Amino acid sequence: MDTFAHALEAYTAAGQNMMSDVLSEKAIELTVQYLPKAVKNGSDIEALTKMSFACLNCGYVLYRC
């Protein structure tokens, strides 16, 4: 849920730009799709990988864009 919160924060921030919007939207999309799968099955490598990528996107947006 922290990933989703950071993505939403980045998407609505005053200093957002096209790049931050794209990365935030992708992070939100991945979180909505894969968080339930990762929670349901902690061994689901695909879901965990997609959540890691979503988290990476948020980190990039918050600290680089």
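Positions are given from 1 along the sequence. Remember, predicted model here, so these are calculated numbers, not experimental data.
Once rounded to the nearest 0.5 Å, the distance linking CG of Leu23 with CD of Glu25 reads 9.5 Å. Annotation: the span from Asn41 atom CG to Glu46 atom CD amounts to 11.5 Å, rounded to 0.5 Å. To the nearest 0.5 Å, the span separating CD on Glu29 from OG on Ser24 amounts to 12.5 Å. A distance of 10.5 Å separates CZ of Phe4 from CE of Met51, quoted to the nearest 0.5 Å. Note that the CD1 atom of Ile28 and the NE2 atom of His6 stand 12.5 Å from one another [nearest 0.5 Å]. Considering CG of Asn57 and SG of Cys55, their distance stands at 9.0 Å, rounded to 0.5 Å.
Under a hydrophobic-cluster definition in which Ile, Leu, Val, Met, Phe, Trp and Tyr are linked whenever side-chain heavy atoms come within less than 4.5 Å, directly or via other members, Met1 and Leu56 are assigned to the same cluster. Val22 and Tyr60 fall into different hydrophobic clusters, where Ile, Leu, Val, Met, Phe, Trp and Tyr are joined by side-chain heavy atoms under 4.5 Å apart, directly or via other members.
Summarising the geometry of Thr31 relative to Ala54, their closest heavy-atom pair is OG1-CB, 3.9 Å, with the distance given to 0.1 Å.
Looking at heavy atoms from C-beta onward, Leu30 lies in side-chain contact with Phe53 at the 4.5 angstrom threshold.
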